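Below is one structure, written out as structure tokens; the observations come after it.
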Amino acid sequence: MTAWHFFKHLNCTPALQLIRSSAFSLSRYSSSLFFVSIHTTAPDQWPPRAQIKNAHANSSTPSSSSLAVQSMASPVPVPANYVSVLLRCNKDISDMLAEALLSFGASSVTMNEDDVCPGTDEICVSSIFLEGEDINTSISYAADSIGLKEIPRYEVKILEEDDWMKGAQESFHPVEVTEGLWVVPKWTTPPDSQATNVILNPGLAFGTGDHPTTKLCLLLLHDCIKGGEYILDYGTGTGILAIAALKFGASFAVGVDIDSQAIASASQNATLNNIGPDKLQLHLIASQTSSSSRDEWPFSVVEGKNASEIETVTHKEKYDLVIANILLTPLLNLAHQIIFSAKPGAIIGLSGILSEQVENVLQNYSPFLEGIEVSKMDDWACVSGRKRKNIGIC
Amino acid sequence: MAAKEILTRRPVAATIKLTVPAGGARPAPPVGPALGQYRLNLMAFCKDFNARTQKYKPDTPMAVSITAFKDNTFEFTVKSPSVTWYLKKAAGIESGSGRPGHVTASTLSLKHVYEIAKVKQNDHYLQNMSLEAITKSIIGTANSMGIHIVRDLD
């Protein structure tokens with residue numbers, strides 16, 4: 001596939017324009033070669049599996065950029081073009097300047113504790129701007145709005161998205177959730193080879209075994225699964241719960257999520273744990289709740305598949321155990337689907353909720369569940385119960 | 001910085017400020033780059049932030065202030081948008097009046113103000129104020145923006 005399709009529509013010069021227009025920073029970047037990360041202009045399209053890195057561009061003739069395109073097999077998020085701006089300003093006004101920058105187009109502002117310049121009252125404030133923002137204008141408006149007489153000196157650095165993605169992944173270590181159950185990153189050897197080890201490469205999906213809600217759900221699965229069950233994992237993320245359930249002896253699991261990155265991560269993790277499509281199926285569904293409309297879609301829509309697939313995924317009374325580690329609002333909105341898909345007497349586990357939100361969940365689910373238990377860890381809770389046998393839901 | 005007062009004695013690496021839509025934190029800009037550079041657990045932040053902002057209408061821009069500690073742990077506080085943001089949204093206008101007191105930008109009813117007050121009461125720095133006091137403060141802000149508050153809109 002040619003990368004030119006991306007670049008015909010892209011204005012690939014925003015980074016170049018701001019370099020030309022900012023008066024101060026060019027001495028460091030006067031060489032004509034630099035690296036930019038480019039992203040497509042349609043952020044809601046799932047990009048084809050290629051990531052564009054290392055575009056060498058000559059600052060005077062941006063149209064003659066040549067590109068190296070690498071394709072990656074692992075889940076690829078939309079590459080983002082963004083810029084880090086380092087400003088110096090007086091310590092007293094740093095807070096105000098931060099707020100002002102945020103109002104005028106910065107996507108985030110960071111004050112590093114160690115960057116207090118010795119001997120002066122100045123402190124370094126770094127700010128991230130996304131592609132398309134006119135940095136010079138934003139900074140001058142921000143400075144103006146707090147009454148500074150002149151624009152503070154600043155430096156511009158272009159950042160690769162890999163910088164932050166790598167940083168985010170570094171926080172994943174092997175976790176012993178309970179005795180005999182470990183969740184291990186793909187790049188580490190399991191500390192206990194005899195234990196049940198769930199191997200994961202999380203990418204940018206949720207579920208590494210570290211979070212209290214994941215642990216609560218894993219413990220619930222560990223206690224409840226006897227063998228041979230059909231599992232539904234709503235909001236599967238990395239697939240950790242579905243995969244663990246299969247390792248505990250369940251015979252078949254279905255994982256659904258509204259995030260395509262989650263499905264990509266989960267399918268990779270299934271392979272890492274030698275689980276094939278005969279044991280685990282993953283489905284991408286569209287989010288039911290859109291922020292603008294209060295009109296509920298009658299059912300989630302399976303992307304690219306026809307309506308009868310929905311029935312297959314959340315089939316009436318098909319599952320012995322339904323686990324949903326999401327958030328309060330989707331749990332309430334999906335209550336019908338969650339109950340509907342469980343067999344009478346099946347176990348239903350709900351998490352991703354704070355302790356203070358348990359009451360709300362109980363109010364909505366207690367008509368349908370019996371034997372309700374609430375387990376807690378830190379500020380988080382998991383509500384579980386069995387579906388009542390005689391409910392008149394069709 | 002206000003966040004410092006409630007900190008434990010862990011050494012602070014940085015303070016990060018950004019705006020994130022309620023319930024909409026994702027491991028992508030603006031959250032990704034801002035937190036990733038300090039090796040913070042992105043997914044844990046997203047889960048935590050999203051859970052704590054469930055009570056707000058989705059996509060409401062929340063002002064977040066994150067304190068990143070040197071051991072890669074973090075704490076954060078969340079503030080709902082400013083009263084001016086809510087008033088502009090309720091009135092459907094982009095900016096307040098250029099001449100408040102003389103030129104009215106828009107009109108809102110007490111019911112709007114009351115709804116805004118109920119949301120703002122969730123902000124922890126306002127928890128000690130009575131609903132009535134918050135409402136009065138909002139009316140004051142509305143007046144300074146040239147938004148006229150009436151008892152009932154017909």
Side-chain angles (χ1 to χ4, degrees), chain A residues 43 77-78 80-82 84 94-95 98-99 101-103 106-115 126 128 130-131 159 161 163-172 202-208 210-211 213-214 237-238 259 261 289-292 325 327-329 352-354 357 360 379-380, chain B residues 1-4 11-61 63-70 72-74 79 82 84-85:
Chain A
V78 181
N81 189 16
Y82 65 98
S84 170
S94 60
D95 264 348
E99 299 289 341
L101 283 167
L102 284 171
S103 315
S107 78
S108 69
V109 179
T110 304
M111 282 153 286
N112 197 311
E113 286 299 305
D114 290 337
D115 277 350
S126 77
I128 293 181
L130 297 181
E131 182 202 33
L159 292 178
E161 56 150 342
D163 292 342
W164 65 265
M165 273 170 60
K166 260 184 245 138
Q169 299 221 355
E170 266 171 35
S171 48
F172 181 24
L204 291 178
F206 181 81
T208 54
D210 197 42
H211 200 267
T213 53
T214 316
T238 54
D259 182 3
Q261 279 170 27
T289 54
S290 67
S291 53
S292 48
N325 183 7
L327 290 165
L328 176 66
T329 308
I353 47 178
L354 297 162
Q357 297 169 335
N360 205 334
D379 269 342
W380 302 89
Chain B
M1 304 169 200
K4 269 204 162 120
V12 177
T15 304
I16 306 171
K17 290 190 200 267
L18 63 164
T19 307
V20 188
R26 314 247 29 252
V31 179
L35 275 69
Q37 54 174 288
Y38 289 96
R39 311 277 181 266
L40 302 182
N41 190 335
L42 263 188
M43 300 312 300
F45 170 76
C46 293
K47 187 89 169 173
D48 208 334
F49 172 85
N50 289 339
R52 287 180 201 282
T53 54
Q54 287 292 286
K55 56 187 163 218
Y56 295 95
K57 207 163 161 203
D59 293 343
T60 308
V64 188
S65 179
I66 302 165
T67 308
F69 298 102
K70 293 207 162 114
N72 296 342
T73 56
F74 62 89
K79 277 192 338 185
S82 60
T84 49
W85 185 86

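So you know, we letter chains A, B, ... as the sequences are listed, proteins then strands, and number each from 1. In this text, all values refer to a predicted model and were calculated from it rather than measured experimentally.
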Original post:
Roughly how far, to the nearest 0.5 Å, is the OG1 atom of A/T110 from the CG atom of B/L35?
Top reply: 8.5 Å
Original post:
Is there a side-chain contact between A/T213 and B/K47, using heavy atoms and a 4.5 Å cut-off?
Top reply: yes
**OP:** Would you mind reporting whether B/V12 and A/M111 have side-chain heavy atoms less than 4.5 Å apart?
**Re:** no
**OP:** Tell me, out of B/T60, B/N72, B/V31, B/D48, who's got the most heavy-atom pairs with chain A below 4.5 Å.
**Re:** B/D48
Original post:
If you look at every heavy atom in B/P30 and A/S107, which pair is closest and at what distance?
Top reply: CB-O, 3.5 Å
Original post:
In terms of heavy-atom proximity below 4.5 Å to chain B, should A/A205 be classed as side chain, backbone, both, or neither?
Top reply: backbone
**OP:** Please look at A/L354 and chain B and tell me whether the side chain, the backbone, both or neither of the residue comes under 4.5 angstrom of a heavy atom of that chain.
**Re:** side chain
Subject >> Closest non-hydrogen atom pair between A/L102 and B/L18, with its separation >> reply: CD2-CA, 4.0 Å
Subject >> B/Q54 vs A/I353, side chain to side chain contact (heavy atoms under 4.5 Å, CB included): CA-CA, chis, key distance, verdict >> reply: CA-CA 10 Å; B/Q54 287 292 286; A/I353 47 178; over 6 Å; no
**OP:** Under 4.5 Å heavy-atom distance to chain A, tell me which part of B/R52 shows up: side chain, backbone, both or neither.
**Re:** both
Original post:
Any side-chain heavy atom of B/K17 within less than 4.5 Å of one from A/D95?
Top reply: yes
Original post:
Do B/K55 and A/Q357 pass the side chain to side chain contact (heavy atoms under 4.5 Å, CB included) test, and can you show the C-alpha distance, the side-chain angles, and the key distance before you say yes or no?
Top reply: CA-CA 10 Å; B/K55 56 187 163 218; A/Q357 297 169 335; over 6 Å; no
**OP:** Spell out, as yes or no, whether a donor-acceptor pair under 3.5 Å connects the side chain of A/Q261 to the backbone of B/P27.
**Re:** no
**OP:** Please state whether the side chain, the backbone, both or neither of A/N360 comes within less than 4.5 Å of a heavy atom of chain B.
**Re:** neither
Subject >> Interface moiety of A/I128 toward chain B, non-hydrogen atoms closer than 4.5 Å >> reply: side chain
